[in-house]
Every structure is written in C-alpha cells, then in structure tokens.
Amino acid sequence: MQLSRNLILNIFLTLLAALYYLLFINKGLILFDEGYIVHFAERIVQGQVPYYDFFIQYTPGFFYILAFFFKIFGTSILVGRIVALLIALGIIMLTLLLLDEIKLNSFRFKAIAVVTLSSFGFPLFNIPVVVWPGVLLSIAIMLVFVKWSKSFFASWKYPVFLGILLALMLFIKHNLGFAYLVTLNFLFILLPLKDKFLKVKNIVLMNCVFLLISAPWIYYFFIRSDALFTFLSFNQKFFTIYPPSYPPLSYLLQPLGLFKLLPYYLPIIFLLLLFFSYIFHKWKKAYIFVSVLPLVGFAATVVPASDLLHVYPFLGLTLVMFLVFIKLTKWLFKNVFLVLIIFVVFSGFYLTLFEEQYRYGVPFRLSTTPLNFPKTRGVLVDADAAKQYSLLNTYVANHTKKGDYIFVYPFSPMLYFIFDRPNPSRYANYLPGYLTKEEESLIIKDLEKKKVSLIIAAGEYRFPTPLSQWIQKQKKTQQYGQFIIFASKK
C-alpha cells in the first residue's frame with residue numbers, strides 16, 4: 001500500500017512539473033548550442049559518423065539518442081525539445097524515487113523538492129543539451145548507491161549497475177564520466193567495509209563492467225580513426241579558451257553581490273558541511289557519499305567555464321540534497337541555510353520568467369511569433385527574429401537550391417538545420433581559439449574546392465583569424481539585422 005501511494009504521488013508531482021515545463025517547450029530558438037546539437041544529430045541521421053565525417057567536442061552518445069528520435073519522428077526543433085523534456089521529467093521522477101529510498105516520502109517534502117528542481121530545471125535549458133542526460137544519470141547513480149547501501153554493500157549486482165551507468169555517462173559527456181569514475185572509486189575505498197576482499201571485488205567488478213562497455217565504442221570512434229589525439233587536444237585547448245575562474249568573494253562589496261555569489265558558494269558550503277559530517281560522524285556515510293555526487297557534477301560543469309549557464313544544470317539537484325541534509329541532521333544555523341536556499345530557488349524562477357532565455361536570448365514572454373519553416377513548425381520566437389529568419393530564408397532559397405552548401409560563421413549552426421542546407425565543413429564552431437590556423441586554412445581550401453557561394457555571418461565576425469579575414473574579402477551582398485550575407489568571389 002505504501003509503495004502504491006508513493007508511486008501515485010511521484011507520478012502526480014511529475015505530471016505537475018510537466019504542465020509547468022510545457023509552457024516553455026516551443027519558446028525561442030538558440031542558434032548556437034541548440035543548433036550545434038541538432039545539426040550534428042541530423043548529420044548522423046544522414047549516415048555521417050562523428051570524428052570521421054565531422055568533429056564534435058563531446059563524446060557522441062547524446063547525438064545518437066537525438067538522431068534516433070529524429071529517425072523515428074522526423075527532424076524538427078520540437079522533436080529535440082520533447083527529448084529534452086522527457087529527460088527533465090526523468091530527473092524529477094528519479095529524484096522522487098531517491099527520496100523514497102531515503103525515507104523522505106511526505107507530500108510536503110517531495111513537493112518542495114520538485115519546486116526546487118523546477119526552479120533551475122527545463123525552462124532555463126528548454127533545449128536538447130548534453131548536460132541534461134548527465135544529470136539524469138547522476139541521479140540514477142545516486143539511487144543505485146543508496147539501494148546498495150541497504151544491502152551493506154554486499155550485493156554484487158549494484159557494482160555492475162554502477163559500471164553500466166558510468167559507461168553511459170562517459171558515452172554521453174566525457175568529463176562527467178571520468179569525474180564520476182574517479183569519485184566512485186574513491187568512495188569505494190572509503191566504504192565502511194571490514195571485509196577488504198569484498199571491497200576490492202566491488203571495485204574490480206565496477207571498473208571491469210565500465211571498461212567492457214566503453215572499450216568497443218572508444219575503439220570504433222577514436223582508436224581506429226586516430227581521432228583520439230585530436231579529441232584530447234581540443235579538450236586541453238578548451239582550458240586555454242576558457243581559463244578556469246570563479247566569482248571572487250570581493251563581490252560581497254558590491255550591491256546585491258551576496259545574491260550573485262549564492263549559486264556559486266552554496267554548493268561549497270554544502271561540501272564543507274558534508275566533510276565535517278563525515279569527520280564527526282553526524283550523518284550516515286552512505287548519504288554523505290550520495291550527496292557528494294551532485295557536487296562532483298556541479299564542479300565538472302563549472303570548470304573551466306563558470307558562467308551561469310554552467311551553474312544551472314546541477315544546482316537544483318544540489319539544493320535538493322542540501323534540503324535533505326538540513327532535514328536529517330542537527331547542525332546549527334540550519335534555518336540560515338534554508339533561507340539562503342529559498343532565495344536561490346526564487347531567483348531561479350525569476351531568471352526563468354523575467355530574464356533572457358538561455359542567458360543570451362530574449363525573455364520567454366516576447367516569443368509570440370510562429371516560425372513556420374518545415375523544421376520549426378510550432379516554435380515561437382520574438383517578432384524581430386521571425387522577420388530576420390524569414391528574410392534570410394527567402395534569400396537562401398532564391399540563391400541556392402537544396403543540396404547546395406552554405407557556410408555559417410562564426411557559430412550559428414542552427415541555420416544549416418532550419419534552412420536545410422548542408423555544412424561544407426567538419427566543424428560548426430569557428431569562434432577564435434577553437435581551431436588552429438592550420439585547421440582554418442584547410443577549411444578555406446575546402447570552401448573554395450566545394451565552390452561555396454553563399455556565406456552568412458551571424459553577429460560579430462571580424463576577428464584576427466585566417467577564416468574571418470578570408471570572409472571579409474568576399475563581397476557583402478545583403479544584411480538582415482544581425483545576419484550579413486557574403487557572396488564568395490569566384
């Protein structure tokens with residue numbers, strides 16, 4: 001009876017979250033990050049293979065998931081958004097199941113958890129991005145770990161499940177996969193097991209399952225194509241593009257500086273409380289270990305780029321576990337932490353409802369104009385953007401035919417997708433620092449060889465790079481708002 005009640009309550013709260021999330025599913029169009037995902041997923045549907053035919057900066061798992069849905073339901077923006085929505089609802093449901101395992105299954109606490117997750121949930125990222133399945137898998141790992149702790153870490157099946165989840169995480173987002181692999185191995189060492197052989201067996205079993213699943217696709221995509229070095233080199237270079245940074249405490253001297261710092265420093269405060277709880281035995285070790293996992297996801301996401309877009313994904317889950325900690329422990333100043341969490345939750349809803357979509361778009365309330373291209377049916381954007389897209393689409397249709405290459409610079413790959421024109425390059429992001437001069441020179445040769453006649457510059461395009469300088473030498477023919485069209489000189 002209790003199990004049935006919990007399940008009904010979980011489904012009810014998840015459906016309530018779905019009603020809220022659905023308000024945002026068709027709002028806005030993100031040319032860069034969303035475009036990056038759907039563009040390369042479509043190329044997979046067309047038969048191209050990552051790292052052979054094109055380069056992506058992530059491991060390929062999520063691109064194949066999205067390509068699978070594109071193959072079944074057709075390539076459109078709304079299909080990608082629905083995939084993101086399903087993942088977001090999975091995050092809600094698994095979190096509620098986790099609370100059941102921790103015995104926090106009252107309606108009140110679960111409702112607070114859903115509100116907390118929703119404040120930094122799907123509406124802030126209403127697009128398909130690789131981090132959402134990473135959050136989902138993180139909660140699955142937490143859930144398995146808690147279940148395993150109830151068997152006193154004796155059951156062999158849970159290390160197997162953890163190995164499978166870690167392999168999936170690596171396939172979806174490599175930095176999260178490695179971060180969780182290292183963290184779980186470390187936590188295994190700290191497990192309160194007197195039987196050392198059992199501890200070693202669990203570690204070996206988890207890692208063997210992880211390697212058994214990961215090795216075939218790593219070989220297929222990276223080893224046999226010699227793409228591994230290029231992939232690793234890019235990720236190393238990413239740290240030079242975005243040197244690790246974190247908002248300094250000197251922000252406290254600014255008006256409202258405290259509130260700017262809270263999303264960044266509440267997780268650090270939580271980590272310190274978990275550390276002291278471990279040292280002074282103030283909470284179950286299994287719960288401490290589980291609470292560390294979203295903090296690992298948070299850290300792996302904000303390093304090196306610590307802008308708010310990288311803070312949001314794991315923040316909701318981190319705050320939920322902070323609430324669990326406050327509920328189940330007896331620390332001083334619990335009410336102070338609770339007030340700070342409440343403020344951050346309200347700030348999440350404020351950012352969603354009143355500030356720019358995805359930090360760089362217009363607020364959701366301005367997205368009221370339909371964008372009626374074949375792949376954007378049902379999507380609403382602001383009136384000015386709709387006009388620019390329509391004019392640009394007419395120009396592209398009049399000056400090229402389907403199958404003709406166009407080139408979009410520096411980073412708006414969504415235009416390939418919505419105008420249904422192929423990308424002549426292996427890449428989609430040409431912002432300074434992402435490619436070497438040699439790579440840009442090869443792209444220029446490729447553009448000339450393929451006789452690309454139409455170039456679209458979206459936003460700022462004048463940089464001291466070979467590709468930008470080559471574009472500036474072409475003939476400027478038209479401009480629609482932020483979009484400047486060049487015709488390549490024969």
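We count residues from 1, following the sequence as given.
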If you draw a 6.0 Å radius around [atom1] in [X], do more than 12 non-hydrogen atoms from other residues or ligands fall strictly inside?
X: Y52; atom1: OH; value: yes
X: K284; atom1: NZ; value: no
X: E460; atom1: CD; value: yes
X: K327; atom1: NZ; value: no
X: F333; atom1: CZ; value: no

Do K375 side-chain atoms and F417 backbone N/O form a donor-acceptor pair below 3.5 Å? yes

Are the aromatic ring centres of [X] and [Y] under 6.0 angstrom apart?
X: Y51; Y: F222; answer: yes
X: F221; Y: F231; answer: no
X: Y358; Y: F125; answer: yes
X: F153; Y: F145; answer: yes

Go through the steps for F346 and F343 under the test side chain to side chain contact (heavy atoms under 4.5 Å, CB included), then give the verdict. CA-CA 5 Å; F346 273 102; F343 178 83; 5.7 Å; no

Which pairs of donor and acceptor atoms, one on a side chain in residues 61-83, lie under 3.5 Å apart (sequence neighbours left out)?
residue	atom	partner	partner atom	Å
S76	OG	V79	N	3.2
R81	NE	E34	OE2	2.7
R81	NE	N126	O	3.1
R81	NH1	I25	O	2.9
R81	NH1	K27	O	3.3
R81	NH2	G28	O	2.7
R81	NH2	E34	OE1	3.1
R81	NH2	E34	OE2	3.3

Taking the side chain as every heavy atom from C-beta outward, state whether [X] and [Y] have any atom pair closer than 4.5 Å.
X: K173; Y: P133; value: no
X: Y427; Y: N429; value: no
X: L98; Y: L94; value: no

Classify the ring geometry of [X] against [Y]: parallel below 30°, tilted from 30° to 60°, perpendicular beyond 60°.
X: H174; Y: Y58; value: tilted
X: Y20; Y: F349; value: perpendicular
X: F314; Y: Y180; value: tilted
X: F411; Y: Y36; value: perpendicular
X: F276; Y: F280; value: parallel
X: Y312; Y: F120; value: tilted

L15: what forms a side chain to side chain contact (heavy atoms under 4.5 Å, CB included) with it, not counting sequence neighbours? I11

Quick check: closest heavy atoms across [X] and [Y], and the distance to 0.1 Å?
X: G348; Y: L124; result: O-CD1, 4.4 Å
X: I92; Y: T14; result: CG2-OG1, 3.7 Å
X: P50; Y: I56; result: CB-CD1, 4.0 Å

Taking it one step at a time, do W132 and V129 satisfy side chain to side chain contact (heavy atoms under 4.5 Å, CB included)? CA-CA 6 Å; W132 276 142; V129 287; 3.8 Å; yes

Is there a side chain to side chain contact (heavy atoms under 4.5 Å, CB included) between L319 and V344? Walk through the geometry before answering. CA-CA 9 Å; L319 295 179; V344 174; 3.8 Å; yes

Decide salt bridge (Lys or Arg N to Asp or Glu O under 4.0 Å) for E101 and K150; before the verdict, give the C-alpha distance in whole Å, the side-chain angles of both, and the deciding distance to 0.1 Å. CA-CA 9 Å; E101 291 295 326; K150 293 183 176 182; 2.9 Å; yes

Show, in sequence, the C-alpha distance, side-chain angles and deciding distance for F122 and F24, and conclude whether the ring pair (Phe, Tyr, Trp, His ring centres under 6.0 Å) test is met. CA-CA 8 Å; F122 174 78; F24 305 91; 7.8 Å; no

Please, which pairs that meet side-chain hydrogen bond (donor to acceptor under 3.5 Å, both in side chains) have at least one residue in residues 152-163, sequence neighbours excluded? none

